[in-house]
Q: 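Sharing a structure below in structure tokens format, with a few things to ask.
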Amino acid sequence: MKIENKKIIELSNIPEAKIYFNTKWFLKHSMGENMNIADIMIRILAIENYYGKNDFGFKLYNKMQKIRVEANPNIPQYRTNNEERFKQIIKSFETNKFIEKYPITINEDFKLFDGTHRLSCSIFFNIKQIPVKFEERTIERHPDYSLKWFEDVGLENYIPIITRKYKEIIRGEYE
């Protein structure tokens, strides 16, 4: 039986209702064919850097954040230097896993609107299902951080790394 998006959205507005999505399905669905949220892969690389699996993840993350903040007046300036905040989120996931009272926010198409750091940590820590919520303000779309965006802002050298990491995750080689 197929349930319409509208019905699920209505259910999500019930105060005690909780909706969970399979993490990999949600990543793949939100990513789409154009890799619309490729910035998630940069966050995963930063988490790997935190655990000593590479030596460049946070450098790339900080570079990406600086470009994003400078280009979008809706992002607060303090997000340029977001590394310490991100490390706190990583530590929280390490200890507490996903804290359900902070679900990932989705739009009406069930795609990511807010929660890229939490989604990245969920993938890294192999959390199978994540809580999601719909909010009326999510009628707008999550900004496009596709591979084209990386190319347009001069980060095209990282596209092969992003693509490889995504393929590892989707094929199950990441776990």
Side-chain angles (χ1 to χ4, degrees), residues 21-94 97-99 102-107 110-127 130 132 138 140-175:
F21 285 168
N22 175 280
T23 307
K24 282 189 181 177
W25 174 87
F26 183 64
L27 172 66
K28 194 173 179 181
H29 178 73
S30 291
M31 194 72 83
E33 291 181 20
N34 297 325
M35 292 188 70
N36 296 319
I37 57 169
D39 58 315
I40 294 285
M41 299 303 111
I42 301 303
R43 287 174 176 76
I44 291 170
L45 291 166
I47 298 167
E48 289 177 349
N49 187 182
Y50 179 82
Y51 288 105
K53 294 183 176 187
N54 69 51
D55 62 355
F56 61 88
F58 269 110
K59 180 180 176 186
L60 178 53
Y61 172 79
N62 290 328
K63 196 174 198 178
M64 176 185 75
Q65 285 297 107
K66 184 177 188 301
I67 292 168
R68 288 168 50 145
V69 171
E70 288 175 356
N72 187 342
N74 295 325
I75 300 175
Q77 288 298 306
Y78 72 87
R79 291 284 175 104
T80 299
N81 301 311
N82 211 31
E83 182 175 332
E84 288 308 311
R85 182 178 162 273
F86 189 14
K87 287 178 179 177
Q88 290 173 347
I89 294 169
I90 295 167
K91 287 177 192 175
S92 175
F93 267 78
E94 188 177 87
K97 300 298 180 213
F98 198 112
I99 300 174
Y102 303 112
I104 289 176
T105 307
I106 60 173
N107 69 16
F110 300 157
K111 292 190 176 181
L112 179 70
F113 180 77
D114 182 43
T116 53
H117 293 86
R118 287 168 281 153
L119 179 57
S120 301
C121 285
S122 296
I123 292 162
F124 181 84
F125 288 105
N126 199 25
I127 296 171
I130 51 173
V132 297
T138 62
E140 57 194 275
R141 303 248 177 246
H142 183 276
D144 176 9
Y145 295 116
S146 65
L147 296 179
K148 175 135 179 39
W149 180 85
F150 281 85
E151 185 179 305
D152 291 346
V153 300
L155 299 175
E156 64 276 351
N157 293 344
Y158 298 105
I159 290 174
I161 297 167
I162 293 167
T163 304
R164 186 171 48 252
K165 184 58 59 185
Y166 179 64
K167 287 178 181 176
E168 286 175 12
I169 292 165
I170 295 305
R171 287 191 306 243
E173 298 169 8
Y174 188 74
E175 296 170 51

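Nothing fancy with the numbering, it's 1 onward along the sequence.
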Q: Could you grab the distance from atom OH of Tyr158 to atom CE of Met64, nearest 0.5 Å is fine?
A: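 Tyr158 atom OH to Met64 atom CE measures 12.0 Å (nearest 0.5 Å).
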Q: Mind checking the CD1-CG spacing from Ile40 to Leu119? Nearest 0.5 Å is all I need.
A: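 Atom-to-atom, Ile40:CD1 and Leu119:CG are 4.5 Å apart.
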Q: Which pair of non-hydrogen atoms, one from Ala38 and one from Ser146, has the smallest distance, and what is that distance?
A: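 It is CB-C, 4.3 Å.
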Q: Compare all side-chain heavy atoms of Asn34 with those of Asp144 and state whether any distance is below 4.5 angstrom.
A: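 Asn34 does not reach Asp144 side chain to side chain.
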Q: Can you find a heavy atom in the side chain of Phe124 that is under 4.5 Å from one in the side chain of Lys53?
A: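 Side chain of Phe124 against side chain of Lys53, heavy atoms only: contact under 4.5 Å found.
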Q: Do we get Arg118 above Tyr102's six-membered ring, with its NZ or CZ under 6.0 Å from the centre and within 45° of the axis?
A: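 Negative - Arg118 is either too far from the ring of Tyr102 or too far off its axis.
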Q: Looking only at atom types and distance, does a side-chain atom of Ser30 sit under 3.5 Å from a main-chain N or O of Leu112, one as donor and one as acceptor?
A: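 Looks like yes, one N/O pair under 3.5 Å.
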Q: With Tyr51, which residues qualify under side-chain hydrogen bond (donor to acceptor under 3.5 Å, both in side chains), at least two apart?
A: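 With sequence neighbours excluded, Tyr51 shows a side-chain hydrogen bond (donor to acceptor under 3.5 Å, both in side chains) to Glu94, given in chain and number order.
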Q: For the pair Phe86 and Phe58, name the ring-plane relationship: parallel under 30°, tilted 30 to 60°, perpendicular over 60°.
A: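 Phe86 vs Phe58 ring planes: perpendicular.
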Q: So how far is it from Asp39 CG to Thr116 OG1, rounded to the nearest 0.5 Å?
A: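 Spacing of CG (Asp39) from OG1 (Thr116) equals 5.5 Å.
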Q: With distance as the sole test, does Asn22 use its side chain to make a donor-acceptor pair with the main-chain N or O of Lys24 at under 3.5 Å?
A: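 Pair found, side chain donor or acceptor close to backbone of Lys24.
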Q: Closer than 3.5 angstrom, by distance alone: can the side chain of Asn49 be matched with the main-chain N or O of Leu45 as a donor-acceptor pair?
A: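 Here the side-chain-to-backbone pair does not exist.
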Q: Do Ile37 and Lys111 have side chains that approach each other closer than 4.5 Å (heavy atoms only, starting at C-beta)?
A: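 The answer is no; the side chains never approach within 4.5 Å.
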Q: Scan for ring pair (Phe, Tyr, Trp, His ring centres under 6.0 Å) pairs involving residues 25-48, sequence neighbours excluded, and state none if there are none.
A: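 Ring pair (Phe, Tyr, Trp, His ring centres under 6.0 Å) check on residues 25-48 returns Phe21-Trp25, Phe21-Phe26, Trp25-His29.
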Q: In the structure I gave you, are the side-chain heavy atoms of Tyr166 and Lys28 within less than 4.5 Å of one another anywhere?
A: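 Result yes, sub-4.5 Å side-chain heavy-atom pair found.
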Q: Taking it one step at a time, do Ile47 and Phe93 satisfy side chain to side chain contact (heavy atoms under 4.5 Å, CB included)?
A: CA-CA 11 Å; Ile47 298 167; Phe93 267 78; over 6 Å; no
Q: State the CD1-CZ distance between Ile90 and Arg43, to the nearest 0.5 angstrom.
A: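 Atom-to-atom, Ile90:CD1 and Arg43:CZ are 11.0 Å apart.
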Q: Say you draw a straight line from NZ of Lys148 to CG of Asn36; how long is it, rounded to the nearest 0.5 Å?
A: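 Answer rounded to 0.5 Å: 13.0 Å.
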Q: Please confirm whether the backbone N or O of Gln88 pairs with a side-chain atom of Ser92, one donor and one acceptor, at under 3.5 Å?
A: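 Looks like no, no N/O pair under 3.5 Å.
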Q: Please evaluate residues Ile170 and Met31 with respect to the criterion side chain to side chain contact (heavy atoms under 4.5 Å, CB included), reporting the C-alpha separation (whole Å), side-chain torsions for both, the decisive distance (0.1 Å), and the verdict.
A: CA-CA 11 Å; Ile170 295 305; Met31 194 72 83; over 6 Å; no
Q: With respect to Leu147, which candidate in Ile162, Leu155, Asp152 satisfies the side-chain contact (heavy atoms from CB on, under 4.5 Å) definition?
A: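 Of the listed options, the one satisfying the test is Ile162.
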Q: Should Val132 and Phe110 be marked as a side chain to side chain contact (heavy atoms under 4.5 Å, CB included) after you check the CA-CA gap, both sets of side-chain angles, and the distance that decides it?
A: CA-CA 9 Å; Val132 297; Phe110 300 157; over 6 Å; no
Q: Any idea which heavy atoms bring Asn157 and Pro160 closest together, and the distance?
A: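 Result for this residue pair: O-CD, 3.5 Å.
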Q: Could you give the distance from CD (Gln65) to CD1 (Ile42), rounded to the nearest 0.5 Å?
A: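 CD1 of Ile42 is found 10.5 Å from CD of Gln65.
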Q: Under the side-chain hydrogen bond (donor to acceptor under 3.5 Å, both in side chains) rule, collect the residues that match up with Lys87, sequence neighbours excluded.
A: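 Result, side-chain hydrogen bond (donor to acceptor under 3.5 Å, both in side chains) vs Lys87: Glu83.
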Q: Is Glu168 paired with Lys165 through a side-chain N to carboxylate O contact shorter than 4.0 Å?
A: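 Judged by the 4.0 Å cut-off on N to carboxylate O distance, Lys165 and Glu168 do form a salt bridge.
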Q: So Trp149 and Ile67, side chain to side chain contact (heavy atoms under 4.5 Å, CB included) or not? Walk me through it.
A: CA-CA 11 Å; Trp149 180 85; Ile67 292 168; 3.8 Å; yes
Q: Check Phe98 against Pro103 and note the closest heavy-atom contact, atom names and distance.
A: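 Shortest heavy-atom contact: CE2-CA, 4.1 Å.
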